Amino acid sequence: MSLLRVSALAKSFGARQLFSIDELALQAGESYVLTGENGSGKTTLLRILAGLDPPDKGVGHYASRRFDWQPYPDWLRREVIYVHQQPYLFHTSVAQNIAYGLCARGIERRRRESLVAEAIAWARLEHLLAIPPQKLSGGERQRVALARAWVLAPAVLLLDEPTANLDAESRRQTIELLRGFCTAQTTAIIACHDRDVISLPNMRGLDLACGKIRTVPQPTPLEAVPAPPANRSLAGKRSAGR
């Protein structure tokens, strides 16, 4: 059974129809890579699934429960997390940025501090804690954004071009975190053109072209990227962040 399913989903900008998708069904615990030409609508699709933009029309179901986009339900916002290609960080601190969603959910301080510490260790951000967020590099900002999403233990993770415009080392570190994030506990869609992300193990392929989505075969992996050893032990501890 699918975890998140949308059907008859359409979006236009003026006279231009961006896409008209008959059905998109995401299976629980599966990871998907979404490819497509620039301007094909990948970002818009992710934003619609996250409730940030409304479609022109469409029917949504989450675990057999129907939902609407206007308004997008609060209970679904706790399950679906979207990470922007160029994530915004507040001018506070790295730790406070990671804690933002937990504060919004009313997690009590001691539990919140414990979850943030786990997220910092998971993303290996200890050496960045004293640096103002606005002074972080693009790769460092992306890792903080991933930690901010990870700490909320989303059921559905939507990532928009997470490795775009990163240097080689930042890209490697980000891919390593993606491997640790895309587990059986999280259904993920990653919009990207990065072949090393596309060829990650157990990644299902989706391609958005000419306004339609089709499945594509997974390519042969180009390079194995080791997952962080702490992921399994931490994954079970963060469920209280939901």
Side-chain angles (χ1 to χ4, degrees), residues 3-4 24 26 29-36 38 41-53 72 76-92 94-105 115-116 118-120 122-125 128 133-134 136-166 170-183 185-194 196-198 200 203-204 206 208 225 227-228 231 234-235 238 241-242:
L3 177 64
L4 179 62
L24 173 62
L26 306 177
E30 296 289 348
S31 295
Y32 302 82
V33 62
L34 176 64
T35 57
N38 291 334
K42 300 187 301 298
T43 294
T44 299
L45 175 59
L46 294 187
R47 289 179 61 85
I48 288 173
L49 294 178
L52 299 177
D53 293 332
Y72 193 82
L76 189 52
R77 292 190 190 279
R78 298 178 68 90
E79 305 296 330
V80 181
I81 296 294
Y82 172 70
V83 179
H84 298 255
Q85 178 179 346
Q86 296 180 329
Y88 176 80
L89 299 184
F90 300 104
H91 290 192
T92 52
V94 167
Q96 286 174 302
N97 269 277
I98 296 171
Y100 175 78
L102 298 173
C103 293
R105 294 183 180 185
L115 289 169
V116 169
E118 292 174 9
I120 289 169
W122 173 76
R124 300 173 185 173
L125 299 171
L128 301 178
Q134 62 270 26
L136 298 178
S137 70
E140 291 165 346
R141 293 169 65 88
Q142 186 63 260
R143 286 159 58 200
V144 172
L146 286 173
R148 183 167 60 188
W150 183 89
V151 79
L152 295 175
V156 179
L157 174 68
L158 308 173
L159 293 167
D160 191 8
E161 299 281 0
T163 62
N165 304 315
L166 300 184
S170 294
R171 178 175 161 276
R172 185 196 66 78
Q173 292 173 347
T174 298
I175 293 174
E176 184 178 334
L177 292 183
L178 294 180
R179 269 195 78 178
F181 210 149
C182 298
T183 66
Q185 289 76 38
T186 304
T187 298
I189 301 185
I190 306 172
C192 76
H193 299 97
D194 190 322
D196 285 343
V197 175
I198 293 170
L200 284 173
M203 192 71 71
R204 296 189 178 194
L206 299 171
L208 181 57
V225 181
N231 286 342
L234 293 179
R238 61 195 177 99
R242 281 204 181 171

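Owing to the predicted nature of the structure, the values given are computational and were not obtained by experimental measurement.
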Margin query: Has Arg143 got a side-chain atom pairing as donor or acceptor with Arg124's backbone, closer than 3.5 angstrom?
Written below: yes
Checklist line | Distance, nearest 0.5 Å, that separates CD of Gln134 from OG1 of Thr92 | finding: 9.0 Å
Next item on the list: Please check if atom OH in Tyr100 has more than 12 non-hydrogen atoms from other residues, nucleotides or ligands closer than 6.0 Å.
Entry: no
Margin query: I'd like to know if the side chain of Arg78 and the backbone of Arg105 have a donor-acceptor N/O pair within less than 3.5 Å.
Written below: no
Margin query: With heavy-atom distances below 4.5 Å as the criterion, would you say the side chains of Tyr72 and Arg77 are in contact?
Written below: yes
Notebook entry, point to check: So, does Arg141 use its side chain to make a donor-acceptor pair with the main chain of Pro87 at under 3.5 Å?
Noted result: yes
Sequence neighbours left out, cut at 3.5 Å: what donor-acceptor pairs do the side chains of residues 152-165 make with other protein atoms?
unit_1, atom_1, unit_2, atom_2, d
Asp160, OD1, Thr43, OG1, 3.3
Asp160, OD2, Thr43, OG1, 2.7
Asp160, OD2, Tyr82, OH, 3.3
Glu161, OE2, His193, ND1, 3.2
Thr163, OG1, Asp194, OD2, 2.8

Notebook entry, point to check: If you round to the nearest 0.5 Å, how far is CG of Leu200 from SG of Cys182?
Noted result: 7.5 Å
Next item on the list: Return yes if some donor-acceptor pair links the side-chain N/O of Thr186 with the main-chain N/O of Ala188 below 3.5 Å, else return no.
Entry: no
Check: Does a side-chain heavy-atom distance below 4.5 Å link Ile189 with Leu49?
Finding: yes
Item checked: Ile175 side chain reached by Arg171 side chain, heavy atoms, under 4.5 Å -> yes
Next item on the list: Kindly compute the distance separating CD1 (Ile98) from CD1 (Ile120), expressed to the nearest 0.5 Å.
Entry: 4.5 Å
Check: Should Gln96 and Val116 count as side-chain neighbours, where that means a heavy-atom distance under 4.5 Å?
Finding: no
Notebook entry, point to check: Can you tell me how far the CG atom of Leu3 sits from the OG1 atom of Thr187, to the nearest 0.5 Å?
Noted result: 4.5 Å
Note to self: Quick check: closest heavy atoms across Val94 and Pro133, and the distance to 0.1 Å?
What the structure shows: N-CG, 4.0 Å
Note to self: Using side-chain heavy atoms (C-beta onward) and a distance below 4.5 Å, is Leu146 in contact with Leu178?
What the structure shows: yes
Checklist line | Closest non-hydrogen atom pair, Trp150 against Phe181 | finding: CA-CZ, 3.3 Å
Note to self: Could you report the tightest heavy-atom contact between Ala123 and Leu177, atom names first, then the distance?
What the structure shows: CA-CD2, 3.9 Å
Item checked: Step-by-step side-chain contact (heavy atoms from CB on, under 4.5 Å) determination, Arg148 to Val83 -> CA-CA 9 Å; Arg148 183 167 60 188; Val83 179; over 6 Å; no
Margin query: As an exercise, state the distance from CG of Leu24 to OH of Tyr32, rounded to the nearest 0.5 Å.
Written below: 8.0 Å
Notebook entry, point to check: Would you call the rings of Tyr88 and His91 parallel, tilted or perpendicular if under 30° counts as parallel and over 60° as perpendicular?
Noted result: parallel
Margin query: Any non-hydrogen side-chain atom of His84 less than 4.5 Å from a side-chain atom of Arg47?
Written below: yes
Checklist line | Heavy-atom check, side chain of Ile190 versus side chain of Met203, under 4.5 Å | finding: yes
Check: Looking at Leu208 and Gly41, what are the two nearest heavy atoms and their distance?
Finding: CD2-C, 3.5 Å
Check: Short question: side chain of Lys42, backbone of Leu34 - any donor-acceptor pair under 3.5 Å?
Finding: no
Checklist line | Closest heavy-atom pair and its distance - Ala147, Leu125 | finding: CB-CD1, 3.9 Å
